[in-house]
Amino acid sequence: MALKGNLQDFSATQLLHLINLARKTGTLAVETPQDQARFCFREGKLIYASLDGQDDRLVSILQRAGKITEELARTIRARSDIKDDRELGVLLSNAGYVTQKDILDSVRNYVLEVVYKLFTWPEGTFRFEPNVLPVEGRITVSIDLENVIMEGSRRLREWERLQEELPNLDMALRFTDRPDARLRTINLTVEEWRVVSFINPRNTIRQIAQYNHMSDFQIRRIVYGLLQAGLVELVPPEGAEVKPPPGVPAPVGVPPIQRRPAVKRSIVQRLIDRIREL
Amino acid sequence: MQIVKMVVTGPFAAGKTQFIRSISEIDVVATEAKISRPEERIKEETTVAMDFGRITVDDDLVLYLFGTPGQRRFEFMWEILSEGMLGFVVVVDSTRPETFREARLILDTFRTYAPTPYVVAANKQDMEDAWSPEDLRIALRIDPAVKVLPCVATDKESVKNVLLELLYSILETMDGEGE
């Protein structure tokens, strides 16, 4: 018999706790007004997760994790004979593109990222179907739910704080005019760097996140850090619609973002005039 | 507001941070860390994340100058930085021929990121043992069409000249492409 309910009445923490204690096997489907996700469990352990609207095939997971190039991913997707993720994993591993550890780590991180999202959903309906397991051919992992519950609860608290500090992802960012002296000792991570490279009053925080395949949680955490460091400040986005440069396609479903300003001759001339004056 | 970005790159301790500092209207955001490798002890601190400076043209136009970390272990940041750049400057310490090979590698790497115009700044030309820009051109195998410019990164006028020459090269490229 399916287990059904609402996250308002029975929270994600309680739900996972139940699945863990009862060592349940099956699939939990959760639906909110914005998102849909599926979580698969075997004997109380999380083995797979997928988020509706996000490609959960191995090729996409590896590409998002930076383990394979966009070009290689394109080549793989073009090959209609590879349908099975396990088969693809063996092929990539044998060809030396990735290691088995790369594959398992990437899938594990993807699954964790999806399940941590669940903790940030205050409402939504859920349904647990016993003995239903992931789509045939997907690579599964085995994750203890105790740690997931602890980390998810910690993230929930952080999420609530970040929501409070940075409620609107449709704001844009710009570098501060007078950066604080503390910045001289700051180190940026690769992810922070990716955000920094897109800072421009024309790009909203949401667009930057989408372009870099970051979750709301990740982008909020990074932007909050940059704001706290005094490196950037929030500004209302400039209205002009912007487009990616030629040859840089925007990901499907992602609003256009400015990676390279469309610079005209007159702009360069103005720069020349200004530098001559200095 | 339109933001235009230029990248200042070059080997470790070539003078990139100083270059940006000499021309920027704001305090350069330099993110320096203590040196960890013995061969990098030529200066006490090195850039590990980024420098950036700013030149405001008017209310609608701002030029950002981004400096790259000089060490190859931070190479992953170079590509991120190069996104959207209008052009780049390769700063080379003209007194340290042991860094020329590295300069060439950096130059080649940046050229693969984006086919944007660039110039080479032959820095520390005020030092007695500095190689001349023309000798540097040969040593670095720089195409005759690319400018190799004398530079003293501590001197604002010298830095201005390098940036102006880069902008002239950008204009020439635009003219060649019909904008």
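Excluded from the calculations below are hydrogen atoms, water molecules and symmetry mates; all remaining heavy atoms, backbone and side chain alike, are included.
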Take atom [atom1] of [X] as the centre, draw a 6.0 Å sphere, and report whether it contains more than 12 heavy atoms from other residues, nucleotides or ligands.
| X | atom1 | value |
| --- | --- | --- |
| B/Asp59 | CG | no |
| A/Arg154 | CZ | yes |
| A/Tyr224 | OH | yes |
| A/Glu160 | CD | yes |
| A/Arg79 | CZ | no |
| A/Arg86 | CZ | yes |

Kindly give the heavy-atom pair with the smallest separation between [X] and [Y], and that separation in Å.
| X | Y | value |
| --- | --- | --- |
| A/Arg270 | B/Leu61 | NH2-CB, 3.6 Å |
| A/Leu278 | B/Glu157 | O-OE2, 4.1 Å |
| B/Gln2 | A/Ile267 | OE1-CD1, 3.6 Å |
| A/Glu277 | B/Lys160 | C-NZ, 4.5 Å |

Just how far is it from atom OG of A/Ser197 to atom CE of B/Met85, taken to the nearest 0.5 Å?
-> 12.5 Å
Taking atom CD of A/Gln269 and atom CE of B/Met174, what is their separation to the nearest 0.5 Å?
-> 11.0 Å
Do A/Leu271 and B/Leu86 pass the side-chain contact (heavy atoms from CB on, under 4.5 Å) test, and can you show the C-alpha distance, the side-chain angles, and the key distance before you say yes or no?
-> CA-CA 12 Å; A/Leu271 289 171; B/Leu86 187 61; 4.2 Å; yes
Given that the side chain runs from C-beta out, which part of B/Asp58 has a heavy atom under 4.5 Å from chain A: side chain, backbone, both or neither?
-> side chain
With a 4.5 angstrom heavy-atom cut-off, which part of B/Ile170 approaches chain A: side chain, backbone, both or neither?
-> side chain
So, the side chain of A/Arg265 versus the backbone of B/Leu171: is there a donor-acceptor pair under 3.5 Å, distance only?
-> no
Do A/Ile275 and B/Leu63 come close enough that some side-chain heavy atom pair is under 4.5 Å?
-> yes
